[in-house]
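Here the structure comes first, spelled out in structure tokens, and everything after it is commentary.
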Amino acid sequence: MELYGQTLSSRLLLGTALYPSPAIMAEAVRASATEIVTVSLRRESAGGKAGGEFWSLIRSLGMRVLPNTAGCHTVKEAVTTAQMAREVFATDWIKLEVIGHHDTLQPDVFALVEAAEILTREGFEVFPYTTGDLVVAERLLEAGCEVLMPWCAPIGSARGPVDIDALRALRANFPDVPLIVDAGIGRPSHAAAVMELGYDAVLLNTAVAKAGDPVVMASAFAKAVEAGRQGWLAGLLEPRDMAVPSTPLIGKAVFS
């Protein structure tokens, strides 16, 4: 998988929030075999002791960091957070979130496109958290984004893919664009299902962090993502309306 010129082996991206402890988070990250972890910049603690210890732990994992603008609700807030994240993490990568609805945490797609335009002009490599809307996807690509991150379901809902048709349409309309399903995945089977649609990767956090055993769950998701990808590459059997015998009738023994 190639993202902004960087070649990666793992197709699972993992968040670093909500874990029972930093130690368990570190173990889960290693068990997932991911090469990218997302980190939310908390402005109130970024310069403090606690924030500094957290950043040190993240760096010690040896993963590529994808900072995000989680919790931002305006263009100005998202752009400022991205600029601060670039200074803290020394990366041009940014997962761009501009939330528009408080209950569903659905992206404000109008502000998202505007913020993406500003950040790409400033040299950022933007990973936009978006909806399944084809027009919005086109606008984000025109703004300079080279990756799209459509939601699967509301953040943290664990509902899995609620609009398969929208996900299929995105894949069909943008066959050469890296597509990473983000938000709403709750089970390894959900991850396998979206990878079977031809998506390039999955980003998740809550399903691992809040599991009974985050380390085991991280490993399970790694296997599910790989299984879904292999299934897509192998060529999946399409559903049929009628039964089709696996044993042909021709050559069947006839007893008189």
Side-chain angles (χ1 to χ4, degrees), residues 3-4 13-19 25 36-48 50-52 54-55 58 63-133 135-157 178-185 201-207 209-210:
L3 303 175
Y4 286 107
L13 289 71
L14 199 61
T16 55
L18 305 176
Y19 290 85
M25 181 271 290
I36 300 174
V37 293
T38 62
V39 177
S40 175
L41 182 68
R42 300 298 184 185
R43 281 169 286 183
E44 67 272 17
S45 63
F54 179 72
W55 310 146
I58 294 297
M63 310 293 174
R64 176 175 280 276
V65 174
L66 175 60
N68 68 41
T69 61
C72 293
H73 291 78
T74 67
V75 172
K76 182 178 180 180
E77 190 178 13
V79 169
T80 300
T81 301
Q83 293 166 338
M84 294 171 64
R86 179 155 63 179
E87 291 185 16
V88 171
F89 298 106
T91 179
D92 291 327
W93 279 18
I94 191 73
K95 180 190 169 190
L96 180 61
E97 296 182 29
V98 187
I99 301 303
H101 192 272
H102 290 280
D103 292 333
T104 64
L105 301 181
Q106 179 170 322
D108 179 340
V109 295
F110 305 102
L112 182 67
V113 172
E114 184 180 346
E117 290 173 341
I118 294 170
L119 291 174
T120 53
R121 285 199 301 268
E122 294 185 4
F124 283 90
E125 295 173 330
V126 180
F127 294 68
Y129 166 60
T130 184
T131 65
D133 190 284
V135 177
V136 174
E138 189 67 50
R139 296 293 183 270
L140 288 167
L141 295 174
E142 291 173 356
C145 299
E146 297 181 14
V147 177
L148 297 175
M149 303 183 75
W151 69 345
C152 181
I155 294 172
S157 68
L179 299 179
I180 302 173
V181 170
D182 180 19
I185 287 179
V202 167
L203 190 159
L204 52 90
N205 187 171
T206 308
K210 303 300 286 185

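We're numbering straight along the sequence, starting at 1. Just so it is clear, the model here is predicted, and its values are computed rather than measured.
- Although no hydrogens or angles enter the test, the distance criterion places a donor-acceptor pair under 3.5 Å between the side chain of Thr69 and the main chain of Glu97.
- Using a distance-only test at 3.5 Å, with no hydrogens or angles considered, a donor-acceptor pair links the side chain of His73 to the main chain of Gly71.
- In this structure, CG in Leu13 is found 8.5 Å from CG in Leu204, a value given to the nearest 0.5 Å.
- The closest side-chain heavy-atom distance from Thr131 to Val109 is below 4.5 Å.
- For Tyr19, there are no ring-ring contact (aromatic ring centres under 6.0 Å, His included) partners at least two apart in sequence or on another chain.
- Of all the heavy atoms in Thr38 and Thr16, the pair that sits closest is O-OG1, 2.8 Å.
- Counting heavy atoms from C-beta on, the side chains of Ile94 and Asn68 never come closer than 4.5 Å.
- Annotation: the span from Glu125 atom CD to Arg86 atom CZ amounts to 10.0 Å, rounded to 0.5 Å.
- The side-chain heavy atoms of Glu117 and Glu142, taken from C-beta on, include no pair separated by under 4.5 Å.
- Between Thr120 and Cys145 the shortest heavy-atom distance is CG2-N, 4.3 Å.
- The neighbour count for Tyr4 OH, taken as heavy atoms of other residues, nucleotides or ligands under 6.0 Å away, is above 12.
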Chi angles and distances behind the side chain to side chain contact (heavy atoms under 4.5 Å, CB included) call for Cys72, Val98: CA-CA 5 Å; Cys72 293; Val98 187; 5.6 Å; no

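- Partners of Pro178 by side-chain contact (heavy atoms from CB on, under 4.5 Å), not counting sequence neighbours, listed by chain and number: Leu3, Val147, Asp200.
- Side chain of Asn205 to backbone of Ala17: a donor-acceptor contact under 3.5 angstrom is found.
- Listed by chain and residue number, Arg64, Pro67, Phe89, Trp93 satisfy the side-chain contact (heavy atoms from CB on, under 4.5 Å) test with Thr91 (two or more places apart in sequence, or in another chain).
- Although no hydrogens or angles enter the test, the distance criterion places a donor-acceptor pair under 3.5 Å between the side chain of Thr80 and the main chain of Lys76.
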